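Notes for the one structure printed next.
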Amino acid sequence: MAENFYVTTAIPYVNAKPHIGNAMDYMLGDTLARYHKSLGENVFFQVGTDEHGNKIALKAEEAGLEPQAYTDQMVPAFHVMLEALNVQYDAFIRTSNPEHKQVVQLIWQKLQPYIYKGTYEGLYCVGCEAFVTPKEAAANNGVCPIHNQPYQQLSEENYYLRLSEFSIQLKEAIETGTLDIQPIFRRHEILNLIEKGLEDISISRPKKHLSWGVPVPGDDSQVMYVWIDALANYITVLGYPDGENFKTFWPANVQIVGKDILRFHAAIWPAMLIGLGLPLPKQLLVHGFVNVGGTKMSKTIGNVVDPIEIVNSYGVDAFRYFFLRHIPTLDDGDFTWEKFEAAYNGELGNELGNLVQRIAAMITRYQQGAIGKITRAVHDANAYHEAMQQLRLNDAFGEVWNMVRQLNGYLEEVKPWKVAKENDEEHLQEILSYAAGSLTQIADLLAPFLPHTADAIKTCLGGETVQPIEGVLFPKIYQHTIDPRAPKVEPGQTPASQP
RNA sequence: GGCACCGUAGCUCAGCUGGUUAGAGCGUAGGACUCAUAAGCCUAAGGUCACUGGUUCAAGCCCAGUCGGUGCUACCA
């Protein structure tokens with residue numbers, strides 16, 4: 001019986017176009033999904049969008065649209081991104097989906113024992129129609145910077161979730177690894193937080209302050225605030241409570257989140273699940289952020305990198321290569337065009353692309369394309385699999401790359417071009433079929449990361465005869481770095497400006 | 001302030017429960033080769049392992065302190 005594997009990604013809020021963080025989520029999820037499929041497991045991979053809340057309502061109003069129409073218009077950009085990144089998901093959940101909302105209401109009802117009505121008191125800006133945190137209010141000296149008027153002390157009725165009641169169970173689950181949070185330092189962070197004692201959280205707003213959301217069942221005056229609505233997507237997408245997918249795939253094996261939303265997924269979400277009597281997800285993969293040249297990406301600085309732009313210039317596998325290999329899976333990473341292009345030309349092109357080419361060329365040239373009987377190469381993939389299980393995808397990728405390098409080294413060692421000159425056909429055939437077989441196996445391990453490339457390699461060298469690749473894999477691109485093939489520019493005698 | 005973490009070759013980082021000449025990739029400088037995308041391969045140079053003190057037969061790895069840097073410290077979706 002095949003094992004089941006369920007991987008989820010955080011659902012982005014649709015008030016802006018998808019960004020590199022979403023792309024990371026998608027690629028990590030896709031790679032894990034493909035990897036587990038390759039192990040013969042029965043995989044389900046969810047993606048989706050979070051669509052409720054005031055920010056959306058506001059944006060919609062600005063655009064002169066109904067909220068639903070506005071989100072309908074925003075969502076396609078996420079499909080475009082998924083397509084561009086060659087992400088094969090099984091379901092795309094939208095929180096504005098009627099079935100989702102219906103199940104969210106059911107969940108609310110099931111959580112009744114842990115929900116109570118309370119009063120939220122805080123500083124409120126009438127202009128913004130929103131509360132601000134004391135910290136924020138202090139930062140603004142008690143005056144709303146947008147509306148230039150002082151915050152008012154105000155109270156409103158909210159429903160609360162008794163998060164505090166779950167502290168001990170959550171702590172236990174995280175400490176014992178029932179809910180395994182990776183990396184370890186994130187686990188420590190969250191435990192630290194829980195040990196201080198969790199506070200109950202407000203989970204609804206008066207309708208007059210929040211119109212675009214899921215109505216609280218049995219109370220027309222209240223609308224659910226983000227938590228229950230958004231977090232529930234991970235099970236509504238499976239058809240909770242009675243759907244077959246739910247029965248098959250819950251609990252999730254891996255939930256992928258960014259470090260900014262760790263708390264919600266390590267506290268509120270598991271608390272909800274415990275409240276519903278459901279098992280917790282097994283692993284939480286907490287990835288970091290992608291910086292640019294050591295600086296946080298920001299619109300004001302203007303250093304935002306558009307994933308689509310990279311894909312269009314270098315191809316999807318080049319994009320996946322850099323972000324899956326050179327951005328640490330469990331920590332922050334750094335992007336620069338120079339690093340990216342160095343990885344593209346120096347690693348994808350020179351090491352892998354050229355390797356495919358040289359093997360294919362030799363077989364074509366010396367053996368008229370006949371690959372011959374493949375002797376199965378033995379690659380020790382233990383480190384690769386171990387890294388995958390531990391969610392260190394970048395390390396697993398690195399292991400594959402070691403094999404690529406070894407194969408280049410092997411060719412130098414046995415020198416098939418020399419063997420060809422000595423007319424030792426038998427030996428030559430042995431070497432080349434081994435190389436082709438070895439590379440084909442490398443392609444299998446590469447497939448979860450670089451699906452197109454793996455296919456191309458297998459098509460080229462996986463059969464009886466070489467099927468030449470049209471063009472080459474990863475042709476050189478020098479848009480941001482100096483082309484070493486270009487004629488040398490002499491330092492030139494700068495006019496003696498100095499005395 | 002509290003709790004964590006980090007400071008190892010020019011750059012990015014590995015260094016398992018302390019044990020011979022501290023490693024890799026990139027970059028740099030040489031070299032041999034020619035199947036290949038001016039690719040690939042080999043070799044070399046380069047490190048007071050932040051600093052100070054301590055434990056130990058022995059410390060990059062343990063302890064204390066100093067200096068420098070980072071993350072988290074709850075309703076932002």
Side-chain angles (χ1 to χ4, degrees), chain A residues 10-16 49-56 95 120 122 130-133 135-136 158 160-161 163 183-203 205 225-227 229-231 259-264 266-268 288-289 294 325-326 328 331-334 338-339 342-343 345-366 394-395 398 401-402 404-405 407-421 428 431-432 435 469 471-477 483-487:
Chain A
I11 52 172
Y13 202 50
V14 292
N15 65 338
T49 44
D50 178 19
E51 305 187 11
H52 291 131
N54 273 337
K55 283 193 183 170
I56 294 296
T95 57
Y120 183 85
F131 284 93
V132 296
T133 59
K135 198 164 56 180
E136 193 182 340
N158 283 183
Y160 280 79
L161 180 69
L163 197 57
I184 297 289
F185 69 92
R186 297 289 175 207
R187 175 190 310 186
H188 290 172
E189 276 178 18
I190 205 74
L191 279 174
N192 193 262
L193 200 71
I194 293 174
E195 271 163 32
K196 286 185 204 160
L198 295 169
E199 285 174 22
D200 293 347
I201 51 159
S202 151
I203 53 170
R205 295 286 185 272
Y225 186 57
V226 59
W227 315 123
D229 172 22
L231 291 166
K259 62 179 183 180
D260 53 328
I261 53 172
L262 165 63
R263 184 178 312 129
F264 314 131
I268 300 175
F289 290 160
R325 167 112 200 270
H326 291 297
D331 212 336
D332 288 355
D334 195 50
E338 290 75 18
K339 284 181 187 177
N345 289 318
E347 294 171 3
L348 278 174
N350 291 348
E351 295 185 315
L352 180 61
N354 180 57
L355 176 60
V356 177
Q357 193 73 2
R358 67 196 298 212
I359 291 172
M362 283 190 278
I363 294 173
T364 303
R365 182 159 153 183
Y366 301 142
N394 59 319
D395 286 339
W401 221 257
N402 286 339
V404 170
R405 287 179 172 159
L407 189 50
N408 267 319
Y410 168 78
L411 291 178
E412 296 297 332
E413 201 184 312
V414 297
K415 301 181 177 44
W417 49 92
K418 205 173 157 191
V419 177
K421 280 178 189 156
L428 181 63
I431 292 168
L432 294 179
I469 294 172
V472 293
L473 247 29
F474 311 113
K476 291 286 152 51
I477 301 176
D483 186 346
R485 301 166 304 182

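First the proteins, then the strands, lettered A, B, ... as listed; each starts at 1. Source: prediction; values computed, not measured.
Spacing between B:A29 and B:G7 at atom C1', rounded to whole Å, works out to 30 Å. Comparing the C1' positions of B:G25 and B:G68 gives an interatomic distance of 27 Å, to the nearest angstrom. Of the P atoms belonging to B:U48 and B:A22, the separation is 12 Å, rounded to the nearest Å. The separation of B:C62 from B:A14, taken at their P atoms, amounts to 15 Å, rounded to a whole angstrom. Nucleotides B:U34 and B:C42 have their C1' atoms positioned 15 Å apart, rounded to a whole Å. Taking atom C1' on both B:C51 and B:C13, the two are 22 Å apart, rounded to the nearest angstrom. Separation of the P atoms belonging to B:A58 and B:G15 is 26 Å when rounded to the nearest angstrom. Separating the P atom of B:C11 from that of B:C76 is a span of 41 Å, rounded to the nearest Å.
Taking 4.5 Å as the limit, every side-chain heavy atom of A:V414 sits out of range of all side-chain heavy atoms of A:V419. For the pair A:H188 and A:N192, the minimum side-chain heavy-atom distance is 4.5 Å or more.
Residue contacts for A:N158: at a heavy-atom cut-off of 4.0 Å it reaches no nucleic acid atom on any strand shown. Counting non-hydrogen atoms under 4.0 angstrom, A:E189 reaches the backbone sugars and phosphates but no base. Residue contacts for A:H326: at a heavy-atom cut-off of 4.0 Å it reaches no nucleic acid atom on any strand shown. Among the atoms of the strands shown, none is found under 4.0 Å from any heavy atom of A:G294. Among the atoms of the strands shown, base atoms are found under 4.0 Å from some heavy atom of A:G353. If you check every strand for non-hydrogen atoms under 4.0 Å, A:I190 touches nothing. Within the 4.0 angstrom heavy-atom criterion, base atoms lie near A:F474. A:K55 comes within contact range of the sugar-phosphate backbone alone, with a heavy-atom separation under 4.0 Å but no base atom that close. Across all strands shown, A:R187 has no heavy atoms under 4.0 Å from either base or sugar-phosphate atoms.
In terms of the side chain to side chain donor-acceptor pair (under 3.5 Å) criterion, A:D50 has no residue partners (sequence neighbours excluded).
The pair A:E189-A:K259 fails the salt-bridge criterion, with no side-chain N (NZ, NE, NH1 or NH2) lying under 4.0 Å from an Asp/Glu carboxylate O.
A distance-only check finds a donor-acceptor pair linking the side chain of A:N408 to the backbone of A:E351 [under 3.5 Å]. Of the possible donor and acceptor atoms, none in the side chain of A:T95 sits under 3.5 Å from a partner among the backbone N and O of A:A230. Remark: side-chain polar atoms of A:N354 are not paired, donor with acceptor, to backbone N or O of A:G349 under 3.5 angstrom. The backbone N or O of A:I477 sits less than 3.5 Å from a side-chain atom of A:N345, completing a donor-acceptor pair.
Nearest to the side chain of A:A361, among B:A39, B:A36, B:G71, sits B:A36. Ranking B:A39, B:C35, B:G71 by closeness to the A:N354 side chain, first place goes to B:A39. Picking from B:A39, B:G40, B:G71 the nucleotide with the shortest atom distance to the side chain of A:P484 gives B:A39. Listed nucleotides: B:C41, B:A39, B:C3. Nearest to the side chain of A:N408: B:C41. Closest approach to the A:R205 side chain among B:C75, B:C72, B:C76 is made by B:C75 (side chain taken as heavy atoms from C-beta onward). For A:R365, the listed nucleotide lying nearest its side chain is B:A36; candidates were B:C41, B:A74, B:A36.
The distance from atom CG of A:D334 to atom P of B:C11 is 14 Å, rounded to the nearest whole Å. Protein atom CD1 of A:I11 is 18 Å distant from nucleotide atom P of B:C76, rounded to whole Å. Atom CG of A:L348 is separated from atom C1' of B:A36 by 16 Å (rounded to the nearest Å). Between A:N192 atom CG and B:A4 atom C1' the separation is 7 Å, expressed in whole Å. Atom P of nucleotide B:G2 and atom NZ of A:K196 are separated by 12 Å, given to the nearest angstrom. At whole-Å resolution of the value, NZ in A:K415 and P in B:A32 are 14 Å apart. One interatomic measurement links the two molecules: CD1 of A:I268 to C1' of B:C75, which rounds to 7 Å at whole-angstrom precision. Between the P atom of B:G71 and the CG atom of A:D332 lies a distance of 8 Å, rounded to the nearest Å.
In this structure, A:R325 and A:G398 approach most closely via the heavy-atom pair NE-CA, 3.5 Å.
Position along RNA chain B of the nearest nucleotide to A:H188 versus A:I56 favours A:H188 as the more 5'-ward residue. Between A:L198 and A:M362, the residue anchored closer to the 5' end of RNA chain B is A:M362, taking for each the nucleotide with the nearest heavy atom.
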- Query: Going through the distances and angles, do A:W227 and A:I201 end up as a side chain to side chain contact (heavy atoms under 4.5 Å, CB included)?
  - Reply: CA-CA 9 Å; A:W227 315 123; A:I201 51 159; 3.6 Å; yes
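Stem regions annotated for RNA chain B: B:1-7 with B:67-73, B:10-13 with B:23-26, B:28-31 with B:41-44, B:50-54 with B:62-66, counting only runs of 3 or more consecutive pairs of Watson-Crick or G-U type with both contacts under 3.5 Å.
Residue A:E412 places a side-chain atom within donor-acceptor reach of the base of B:G40, judged by atom type and a 3.5 Å distance cut-off alone. In the interface, the side chain of A:N350 is not paired with the base of B:A39 through any donor and acceptor atom under 3.5 Å apart.
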